[in-house]
Amino acid sequence: MDWDQLEVSPRIIAAVKKANIKSAGNILTLSVPELQKLANLSVADVHHLQRAVSAVLRKNLGVTALQIYSEKAKFPAQHQKLSLGCKVLDNFLRGGVPLVGITEIAGESSAGKTQIGLQLCLSVQYPVEYGGLASGAVYICTEDAFPSKRLQQLIKSQHKLRSDVPTEVIKNIRFGDSIFVEHTADVDTLTECITKKVPVLLLRGSIRLVIIDSIAALFRCEFAAKDAAIKAKHLQTLGAKLHSMSNRFLTPVLCINQVTDRVREMNSEQIDLGLQDKKVVPALGISWSNQLLMRVMVARTQHMAPAEHAGGILRTMEVVFAPHIPQSSCYYTVDLEGVKGLDDYTQS
């Protein structure tokens with residue numbers, strides 16, 4: 001700390017420097033008698049010093065909402081998003097996936113959850129000006145083998161899907177070399193991966209995206225209904241570790257989740273989470289829901305997309321909750337090139 005910022009007597013500043021006290025933390029955490037002894041100051045001097053340090057810290061650390069909004073370059077975590085690789089879906093999600101926090105994509109089998117995850121693994125590798133983070137991704141599989149053949153299809157089709165990016169930029173990205181795949185068979189292995197292996201890749205700058213597919217598989221296998229309290233504790237611990245990692249490295253965390261049939265009860269725990277009209281709800285209950293920044297549900301419909309949208313099964317993407325997006329939904333399709341949102345499409 002620059003002691004010259006303090007509005008105190010030069011005598012007190014000289015005493016602090018002579019005592020070799022180097023941080024504001026020491027001033028605020030040491031007791032008054034300890035500071036008296038270290039710096040040979042009176043009780044009044046110590047109180048004056050602590051008040052001065054507190055005033056400087058409040059001045060330096062205080063940030064207003066207007067500053068966050070207007071000074072975007074200083075607060076990238078508040079404004080920058082990771083693109084989904086589709087302008088329509090990016091507009092729907094107000095820019096894409098937030099850099100800090102846990103985003104969940106939940107849905108039934110074949111709804112397109114893994115397809116979105118794979119597309120994000122490619123999108124993160126683009127330069128920042130094209131919605132990426134110029135880094136790789138780690139994809140943690142907990143139930144099925146990693147879909148490497150589908151990934152290769154998506155890589156070969158990037159020049160078609162990402163027509164907004166110059167061809168030379170796409171050619172210079174070695175997509176397959178920056179996706180790290182890990183398979184975990186139980187909760188302990190997953191925790192070890194998150195706390196030991198993934199941080200190494202983050203520290204090296206090799207990745208800026210973590211995907212878990214799926215978060216529910218391991219917990220459903222390992223914990224019976226009678227173990228609900230223990231399961232909740234493990235979920236809270238895992239959520240805390242993921243949040244800490246995301247905050248430290250400004251790294252989006254995407255958790256793919258399964259769904260379960262909704263038990264229609266008057267006191268259903270999901271009633272306040274935007275799921276009142278759902279026949280299925282995301283797995284793992286409210287203990288896991290409380291760990292999330294944003295929850296998105298995807299589903300297949302019984303209809304086909306029109307020819308102008310390349311056909312294919314029509315699917316829906318719905319924001320259940322998020323701090324920056326109201327509850328809303330849009331349509332999308334999955335084809336050979338990837339996941340594509342349908343702009344202003346209304347089913348007849």
Side-chain angles (χ1 to χ4, degrees), residues 63 65-106 112-139 154 158 161-165 169-170 173 175 178-179 202 205-213 242-257 291-298 317-332 338-343:
V63 178
L66 179 60
Q67 284 178 295
I68 293 175
Y69 178 77
S70 58
E71 301 175 27
K72 296 184 178 181
K74 291 184 179 179
F75 306 99
Q78 298 292 330
H79 300 281
Q80 189 180 354
K81 304 288 194 301
L82 171 59
S83 169
L84 271 75
C86 169
K87 286 186 177 180
V88 174
L89 295 179
D90 285 343
N91 290 337
F92 172 64
L93 294 179
R94 304 293 194 272
V97 178
L99 296 195
V100 175
I102 304 173
T103 297
E104 178 193 83
I105 295 182
K113 306 184 296 296
T114 297
Q115 302 296 320
I116 295 170
L118 292 176
Q119 190 153 302
L120 281 168
C121 285
L122 303 181
S123 181
V124 73
Q125 299 183 51
Y126 283 90
V128 173
E129 56 265 35
Y130 299 111
L133 299 175
S135 192
V138 60
Y139 200 105
L154 294 175
Q158 282 298 289
L161 180 72
R162 299 302 303 269
S163 57
D164 59 310
V165 182
V169 173
I170 296 176
I173 300 174
F175 291 105
S178 297
I179 301 174
L202 288 165
S206 301
I207 65 167
R208 284 285 302 281
L209 173 65
V210 177
I211 297 178
I212 303 176
D213 185 5
L242 292 173
H243 272 292
S244 175
M245 180 175 64
S246 179
N247 275 280
R248 180 183 175 189
F249 296 100
L250 293 183
T251 295
V253 174
L254 178 74
C255 292
I256 293 172
N257 197 1
Q291 308 302 315
L292 305 177
L293 174 73
M294 179 165 72
R295 165 169 280 164
V296 176
M297 289 193 70
V298 293
M317 177 180 291
E318 179 182 359
V319 175
V320 179
F321 62 76
H324 58 297
I325 309 175
Q327 287 187 8
S328 51
S329 62
C330 74
Y331 289 104
Y332 73 99
V339 180
K340 302 175 181 178
L342 276 58
D343 194 16

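This is a predicted model, so every value here is computed, not measured.
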Can you find a pair of side-chain heavy atoms, one from [X] and one from [Y], that are under 4.5 Å apart?
| X | Y | value |
| --- | --- | --- |
| Phe321 | Gln327 | no |
| Val100 | Leu293 | no |
| Leu209 | Leu82 | yes |
| Asp213 | Lys113 | no |

So Thr114 and Leu118, side chain to side chain contact (heavy atoms under 4.5 Å, CB included) or not? Walk me through it. CA-CA 6 Å; Thr114 297; Leu118 292 176; 4.2 Å; yes

Kindly write out the residues that satisfy side chain to side chain contact (heavy atoms under 4.5 Å, CB included) with Val165, not counting sequence neighbours, or none if the list is empty. Tyr126, Tyr130, Arg162, Val169, Ile170

List in chain and number order the residues that pass side chain to side chain contact (heavy atoms under 4.5 Å, CB included) with Ser244, two or more places apart in sequence or in another chain; answer none if no residue qualifies. none

Over all heavy atoms of both residues, which pair between [X] and [Y] is shortest? Give the atoms and the distance, please.
| X | Y | result |
| --- | --- | --- |
| Ile102 | Gln291 | CD1-O, 3.7 Å |
| Cys121 | Ile211 | SG-CD1, 3.6 Å |
| Leu84 | Gln119 | O-NE2, 2.8 Å |
| Arg208 | Leu133 | O-CD1, 3.6 Å |
| Val97 | Pro252 | CG1-CB, 4.0 Å |
| His324 | Pro98 | CE1-CG, 3.9 Å |

Start with the C-alpha distance between Leu122 and Gln158, add both sets of side-chain angles, then the distance that settles side chain to side chain contact (heavy atoms under 4.5 Å, CB included), and finish with yes or no. CA-CA 9 Å; Leu122 303 181; Gln158 282 298 289; 3.4 Å; yes

Would you check, one step at a time, whether the test side chain to side chain contact (heavy atoms under 4.5 Å, CB included) holds for Val296 with Val320? CA-CA 6 Å; Val296 176; Val320 179; over 6 Å; no

List the steps and the verdict of side chain to side chain contact (heavy atoms under 4.5 Å, CB included) for Ile325 and Met294. CA-CA 9 Å; Ile325 309 175; Met294 179 165 72; 4.0 Å; yes

Rounded to the nearest 0.5 Å, what's the gap from [atom1] on [X] to [atom2] on [Y]? Could you check?
| X | Y | atom1 | atom2 | value |
| --- | --- | --- | --- | --- |
| Leu161 | Cys86 | CG | SG | 7.0 Å |
| Phe249 | Leu99 | CZ | CG | 14.5 Å |
| Ile116 | Leu254 | CD1 | CG | 8.5 Å |

Under the rule for ring-ring contact (aromatic ring centres under 6.0 Å, His included), what residues qualify as partners of Tyr332, not counting sequence neighbours? none

Is the backbone N or O of [Y] less than 3.5 Å from a side-chain atom of [X], with the two atoms forming a donor-acceptor pair by type?
| X | Y | result |
| --- | --- | --- |
| Ser123 | Gly132 | no |
| Glu318 | Ser329 | no |
| Ser178 | Gly136 | no |
| Thr251 | Ser246 | no |

Under the side-chain hydrogen bond (donor to acceptor under 3.5 Å, both in side chains) test, which residues partner Thr103, sequence neighbours left out? none

Applying side-chain hydrogen bond (donor to acceptor under 3.5 Å, both in side chains) as the test, list every pair that has at least one member in residues 82-100; sequence neighbours left out.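 Every pair satisfying side-chain hydrogen bond (donor to acceptor under 3.5 Å, both in side chains) with a residue in residues 82-100: Ser83-Asp90.
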
Pair listing, salt bridge (Lys or Arg N to Asp or Glu O under 4.0 Å) test, anchored in residues 96-106, at least two apart: Glu104-Arg295

Candidates Ile256, Val339, Ile105 - the one meeting side-chain contact (heavy atoms from CB on, under 4.5 Å) with Val298: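 That would be Ile105.
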
